[in-house]
Protein chains: 2
Amino acid sequence: MPINVSFKLLKAFLTLSEQKNFTRAAEHCHVSQSTFSGMIQRLEDELGARLFDRNTRNVVLTPEGELFAEAARHLVNDIQWTFSDLSDYVAKKKGHVAIAALPSIAGEWLPAVIAEYRRLYPGIAIEIHDVLSDNCLDLVRQGQADIALAAPNSSLDEYATEHFHTDRFFLICRRDHPVASLPVVTMDDLRGCDFIRLSRSTSVHQHLVNAVGATGVTSSSFEVKYLSTVAGLILHGLGVSLLPELTLSQFRHPDLLAIPLATPGISRPIHIIWRKDKPLSLAAQAMLELVRQRKL
Amino acid sequence: MPINVSFKLLKAFLTLSEQKNFTRAAEHCHVSQSTFSGMIQRLEDELGARLFDRNTRNVVLTPEGELFAEAARHLVNDIQWTFSDLSDYVAKKKGHVAIAALPSIAGEWLPAVIAEYRRLYPGIAIEIHDVLSDNCLDLVRQGQADIALAAPNSSLDEYATEHFHTDRFFLICRRDHPVASLPVVTMDDLRGCDFIRLSRSTSVHQHLVNAVGATGVTSSSFEVKYLSTVAGLILHGLGVSLLPELTLSQFRHPDLLAIPLATPGISRPIHIIWRKDKPLSLAAQAMLELVRQRKL
DNA sequence: GACATTAATCGGCATAATCGATCAATCCAT
DNA sequence: ATGGATTGATCGATTATGCCGATTAATGTC
């Protein structure tokens with residue numbers, strides 16, 4: 001015998017147990033008295049127990065009714081909480097979104113988007129992971145991030161992706177460098193230069209190896225981890241560097257220049273990445289939408 | 001917007017979230033696939049949120065679905081417990097009954113009934129209060145006892161009552177007492193006897209005062225609390241006593257006699273008493289039924 | 001004993017639920 | 001590619017359920 005009871009019936013039961021009067025309780029529930037009478041009977045049938053002892057003068061809970069009332073109060077409460085929780089969630093008054101982004105994006109472009117998101121959905125907790133591309137992917141795969149903004153070299157078949165930005169590489173050099181006067185530079189112009197590169201684990205490095213390897217420029221004198229170090233080395237005349245546009249803010253110095261590369265140049269494609277096997281939460285969908293709107 | 005969701009829908013939702021397949025889940029729920037599809041849609045409409053992301057190949061919970069699933073599991077569990085609890089109660093596998101009875105009844109007649117009740121409904125807890133009549137009434141009024149077996153002198157208007165037994169009084173005397181040879185005794189036969197009476201708080205005392213006061217026999221030498229004391233006093237030749245039949249088991253002694261009183265005699269009516277403003281629990285109803293069946 | 005109050009019942013109707021059949025999409029094997 | 005198999009959604013017809021208004025029956029009150 002399968003149980004079937006609706007929230008409506010539970011509510012009607014509790015209303016009657018408070019009002020102790022069918023007519024009044026029916027009004028409370030916005031149904032006719034006859035309907036209400038039927039509802040109580042239905043519930044009693046369902047339970048197989050008489051819940052109220054009633055005549056035209058008195059309506060009083062039976063002991064079974066008392067027992068059930070206690071339980072029903074809890075049930076109704078729990079159900080209401082469950083629903084209001086979910087509806088808050090749907091209304092994006094609650095929730096959680098985690099976004100993983102390359103440090104360059106996380107520091108340069110993302111903050112404005114996050115600010116806007118916070119303004120729109122103040123109740124949603126936001127988590128930002130500023131990590132390298134491969135880590136971004138891992139976080140998404142492990143479910144620790146809903147969305148990633150990254151430029152991975154590895155395959156993206158496993159993920160849902162969308163093009164976000166083509167980040168072109170610039171030559172960074174000191175103002176007194178031989179190529180500093182050129183409006184654009186070619187790989188040939190850089191032959192013989194000392195290159196300062198980011199560590200192998202960065203996507204910048206990998207894209208560069210792919211591109212520069214192809215043009216034959218492979219010399220590399222330095223390999224460092226932080227852009228600030230790159231800047232310091234360049235300023236001391238120890239070399240030049242090829243870095244994507246999104247990092248240029250780190251090189252705003254009177255003695256430094258960023259020169260675009262001649263076509264076709266070098267670039268890294270940055271993607272919006274998320275899991276395709278699991279749908280995005282509403283909070284994450286909203287974030288994705290905002291990211292698209294504010295796309296570079 | 002009033003919530004309305006049925007247990008059936010919650011169960012369907014959980015089934016689908018486990019089976020991840022509409023057709024299979026529908027079979028589990030004993031409905032057609034089309035019906036099942038409609039049920040899930042109805043639930044989603046009700047909640048205003050998409051719970052499953054589905055195509056013909058995959059059925060996967062959305063994050064909102066996950067959230068709801070957790071809550072729904074608890075709800076379904078609670079509802080099932082509530083129902084099974086109540087049905088145990090209805091089936092009298094569980095429950096509680098408290099009965100208040102005069103000490104004479106509690107010691108003499110009740111144990112067999114209690115034993116039978118226990119045999120019939122082993123899961124129900126039984127509470128017995130062996131107290132004097134007035135206390136019996138108090139316990140019932142306070143809800144500490146469901147049913148009382150008592151012989152109160154006070155008004156019973158407040159209660160629902162039913163006649164249980166007419167407890168006739170007997171004369172208890174020593175075998176060598178002047179009236180010992182009579183088959184029945186009258187009040188006249190007892191003129192001048194010393195009477196041993198139970199204390200004023202007992203219903204026996206009060207019935208006796210009413211009856212004997214009317215026939216003019218008012219002498220009273222002793223007033224004690226326990227029947228065993230009465231027996232001792234009589235055995236030592238200090239008097240006789242008038243006591244109801246239900247107490248006679250306390251006077252089975254070779255030197256003691258119980259002699260019926262001549263018509264009309266004296267008697268106390270014993271009633272089954274319970275609250276009339278509150279219905280009896282099922283467990284108590286069963287007890288009442290048994291008491292009626294086994295009535296003296 | 002008449003009256004007022006109130007829960008239960010009845011008949012009719014509208015809506016919702018259910019089913020079987022079919023459609024459309026998706027994946028898989030070839 | 002392409003055809004077949006699987007599966008969820010949709011459609012139309014049928015049935016069941018829920019709801020209402022009117023009426024009835026029971027009960028307490030004056």
Side-chain angles (χ1 to χ4, degrees), chain A residues 1-47 49-62 65 157-158 160 276-279, chain B residues 1-47 49-62 65 157-160 275-279:
Chain A
M1 52 114 192
I3 305 167
N4 192 17
V5 66
S6 65
F7 179 78
K8 199 170 42 173
L9 287 189
L10 290 182
K11 206 71 207 304
F13 165 75
L14 287 183
T15 306
L16 181 56
S17 76
E18 285 158 15
Q19 298 288 331
K20 302 188 184 308
N21 176 307
F22 276 67
T23 310
R24 267 204 312 280
E27 281 165 12
H28 261 259
C29 294
H30 312 290
V31 295
S32 74
Q33 176 266 318
S34 69
T35 299
F36 194 86
S37 188
M39 287 165 74
I40 296 297
Q41 284 176 35
R42 247 183 12 254
L43 183 63
E44 288 181 329
D45 285 354
E46 203 84 54
L47 292 167
R50 183 155 253 259
L51 296 172
F52 294 95
D53 230 66
R54 47 197 185 270
N55 51 40
T56 55
R57 234 49 191 175
N58 292 298
V59 176
V60 51
L61 278 170
T62 61
D157 290 353
E158 187 186 343
K276 70 175 171 192
D277 61 339
K278 250 182 74 177
Chain B
M1 55 117 189
I3 305 168
N4 192 16
V5 67
S6 65
F7 180 78
K8 199 170 45 173
L9 286 190
L10 290 182
K11 204 72 206 303
F13 165 74
L14 286 183
T15 306
L16 181 56
S17 77
E18 284 159 15
Q19 298 288 331
K20 301 187 184 309
N21 175 309
F22 276 67
T23 309
R24 266 205 312 279
E27 282 165 11
H28 262 258
C29 294
H30 311 290
V31 295
S32 74
Q33 177 265 317
S34 71
T35 298
F36 193 86
S37 190
M39 288 164 73
I40 297 297
Q41 285 176 35
R42 236 169 40 240
L43 183 63
E44 287 181 330
D45 285 354
E46 203 87 54
L47 293 167
R50 183 155 253 258
L51 296 172
F52 294 96
D53 229 66
R54 48 196 185 272
N55 51 40
T56 54
R57 235 49 193 177
N58 292 299
V59 176
V60 51
L61 279 169
T62 61
D157 290 352
E158 187 185 343
Y159 305 93
R275 287 176 67 152
K276 70 175 171 193
D277 61 339
K278 250 182 74 175

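Keep in mind that the numbers below use all heavy atoms, side chains included, and drop hydrogens, waters and symmetry copies. So you know, we letter chains A, B, ... as the sequences are listed, proteins then strands, and number each from 1.
Taking side-chain N and O atoms only, A:Lys8 has a distance below 4.0 Å to OP1 or OP2 of D:dC19. Between C:dG20 and B:Ser34, no contact under 4.0 Å exists linking OP1 or OP2 to a side-chain N or O. Of the side-chain N and O atoms in B:Arg57, none sit less than 4.0 angstrom from OP1 or OP2 of D:dG8. OP1 or OP2 of D:dT10 lies within a sub-4.0 Å distance of a side-chain N or O belonging to B:Gln41. Contact annotation: B:Thr35 side-chain N/O to C:dT18 OP1/OP2 distance is not under 4.0 Å.
Looking at the side chain of A:Thr56, the nearest of the listed nucleotides C:dC19, D:dC20, D:dA25 is D:dA25. For A:Asn21, taking side-chain heavy atoms from C-beta onward, the closest of the listed nucleotides C:dA21, C:dT26, C:dA7 is C:dA7. For B:Ser32, the listed nucleotide lying nearest its side chain is C:dG20; candidates were D:dC19, D:dT27, C:dG20.
With 3.5 Å as the limit, one finds a donor-acceptor pair spanning the side chains of A:Thr35 and A:Ser32.
Of the possible donor and acceptor atoms, none in the side chain of B:Glu27 sits under 3.5 Å from a partner among the backbone N and O of B:Phe22.
Taking 4.0 Å as the cut-off between side-chain N and carboxylate O, A:Lys11 and A:Glu18 do not count as a salt-bridged pair. A salt bridge is defined here as a Lys NZ or Arg NE, NH1 or NH2 lying under 4.0 Å from an Asp or Glu carboxylate O, and B:Lys8 with A:Glu46 fails to meet this definition.
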